[in-house]
Amino acid sequence: MSRRWALSAGCAAAVGIAVLLGAARSPAQSAGEWRGPQHLWDALCAYCHGAGVSLQLLGAQLPAPLIAEVTRRGLKAMPPFAPTQISDAELAALAEWVSRSEPPLRPATGVSANGDGR
Amino acid sequence: MERFAVLPPGVSAGEFARAVAEFRACVGAGHVYVTPEQLVPWTQVMLPFEDEAFAPAGVVSPASVEELQRLLAVCNRYRVPVWPVSTGRNFGYGSALPATRGQVILDLKRLNRILEVDPVLCTALVEPGVTYQQLHDYLREHNIPLWLDFPAPGPLASPMGNTLERGGGQTPYGDHFGNCCGMEVLLGDGTLLRTGLGGIAGTRSWQAYKYGFGPYLDGIFTQSNFGIVTKLGLWLMPAPPAHLTFLAMWPDREAVARAVETIRPLRYDGTIGNFGVLVNDALLMTSFHRRAEVYTGTGAISDAAVRAVAAPRGIEPWCYLFSLYGRPELIELNTRIVTTAFEASGARLIAGVHDPMSINELTLQAFSLLNWIGSGGLAWFAPVAPCTGADVAKQNRLARAIMDAHGMDFFSGATFNGREVLNVMPLVFNRDDADERRRARACFEELLTRFAAEGYGFYRTGIGFMDRVAELHGATLLDVNRRIKRALDPNGILAPGKSGIHPLPGRT
């Protein structure tokens, strides 16, 4: 068989001594801690709405209040997102960002949004 | 006085108002939710029950263990039951909702610190609200070559929540409880316990050695209501040098027993590195089609309808997705071994398949399943079989007959860990249709009864079915669980009804 196995990216990175890494630099992901709408989109929305699991919302020009309401309340198969996870202000900014977004340059591939093979 | 739509059982409106006021004093008014409108984001029911069955009385969200301790003191004083959730993404098992009406959901999302990652020992220590996404991002940003093992709702779910439910994934670390090490647990009476070696001041071994000294307690805090786990140690997988994912496909519907007999020795001797999943063609088709495109007849979907869309895609009736991990030369050797074994069983083997969950790539692709009908109705029927072909084939025949009788489509996704097969069968139904909801529930209940009558138990179940499943596993087990419950949570305030464990007379 030819070499069809995949090398794991990052496996060769050397880790010499024990370094206990604390929480100081950790990107927390609860209400009030998101870096902005893009961060929220990539971490929560794109796995379905940018990966072929559900409707592509980027460029769909849906009204921001509708996006915010469905995100908060859920709709059929879509789970709701509570204010402990996304604050009201973050949700409003996300909904506005999605509503005004351009269509993606490439169609959804079905590959996870941040997958780099690791 | 503040009005509440739902009250905890046995608690008056006045008492609950005072408890809520004290909750607000503990965590701040902005982290206490009690109006019906505020509670909507926690109340999605995917299971075949009415929405009202599990209606919570409120939600409280602490940001520290100290706040949590103060909240529990209030709950003990007023006898207010609380249902802890890490992120509440237990889709198809109850999501964030409590097993009984009138509990206060304790949303632990704000307890979200990654307390420690040790890249040499390959361990982590996390709080309940940390998601797999957050931990994944953390490892990437720090260039730490460790893999995570995700359950199906990976990016949204938490290692804590899924491990405590004894969930699984698709890398060699797929047994999540088997790969946790050390817990900090807040008991109902306010005691803060560290299991394993966590009670030794200054220890660096808490996440290195699971069993500690004396009885090994961690298991009693899984699928349980004996305490609130506030910190959890995890073992993480060193990124393997290489990996290769395969799909083995059998061309006949009777191949299940042969498939299991082929897989078992390859799992037992370590050739196949992960659980893998043995799925029927109908389940695979949910990734590509909606039910209405495939079948418009009455009753459960027919095999012919499934074959009509599966065959053109080259999908056979039974498919086993699995992976090899390790050094390249080992993968080349093991590729020859699995090829010989699967081909001898009549399977065709495709190498180089991309399965994100098997290789540390976050995904929600598995929930394409919900597009099949589109209403969000989902209940996982999850029987355990001994790892023999005869047992798995028998379970599938039995389930298929019951599901056919109730007009429910038969999906099967069986995983292979130790000596068992977790033969998970999702019931996907139209939750918007009252008749279909009733049929799904009746189907699930008949599946439980008839599988138990054949001697089969269950790996996990959703709210609404917990009392019945606990009953089926024997009165003595349930009685002992209730005695432990009484000892650790004397007022019975923690998650009454979880796994059928109801603490106090009259609170069932």
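Chain letters run A, B, ... following the sequence lines, proteins first and then strands; every chain starts at 1.
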Grab the two heavy atoms, one from [X] and one from [Y], that are nearest each other, plus how far apart they are.
X	Y	result
Q44(B)	L75(A)	NE2-N, 4.3 Å
N371(B)	V53(A)	ND2-O, 2.6 Å
Q133(B)	A43(A)	OE1-O, 3.5 Å

[X] portion near chain A, given a 4.5 angstrom heavy-atom threshold:
X	answer
R89(B)	side chain
Y325(B)	neither
T131(B)	side chain

Nearest-0.5 Å distance that lies between atom OG in S30(A) and atom CG in D107(B):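 Output value for this atom pair is 8.5 Å.
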Supply the atom-to-atom distance I105(B) CD1 to T84(A) OG1, rounded to the nearest 0.5 angstrom.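 Atom-to-atom, I105(B):CD1 and T84(A):OG1 are 10.0 Å apart.
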Taking Q29(A) as the fixed residue, which of L135(B), D137(B), N112(B) is the one that meets the side chain to side chain contact (heavy atoms under 4.5 Å, CB included) rule?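 Only one of L135(B), D137(B), N112(B) forms a side chain to side chain contact (heavy atoms under 4.5 Å, CB included) with Q29(A), namely D137(B).
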Tell me whether Q38(A) at atom CD has more than 12 heavy atoms from other residues, nucleotides or ligands lying less than 6.0 Å away.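 It does: Q38(A) CD has more than 12 such atoms within range.
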Salt-bridge criterion met for E37(B) and R72(A) (N-O under 4.0 Å):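 A salt bridge is absent here (no side-chain N lies under 4.0 Å from a carboxylate O).
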Ionic contact status for R113(B) with E33(A), cut-off 4.0 Å: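 R113(B) and E33(A): not salt-bridged.
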Any donor-acceptor N or O pair under 3.5 Å, side chains Q365(B), Y47(A):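 Result is no, nothing qualifies.
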Among M46(B), Q38(B), K109(B), single out the residue with the greatest number of heavy-atom pairs under 4.5 Å to chain A.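 Highest number of heavy-atom pairs under 4.5 Å: K109(B).
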Heavy atoms, side chains only, cut-off 4.5 Å: are F91(B) and P79(A) in contact?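 In short, these two side chains touch, coming nearer than 4.5 Å.
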Just wondering, do Y33(B) and P83(A) contact through their side chains at under 4.5 Å, heavy atoms?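 Yes, at least one pair of side-chain atoms sits under 4.5 Å.
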Test K76(A) against D432(B) for side-chain contact (heavy atoms from CB on, under 4.5 Å), laying out the working first. CA-CA 9 Å; K76(A) 296 186 182 289; D432(B) 299 331; 2.4 Å; yes
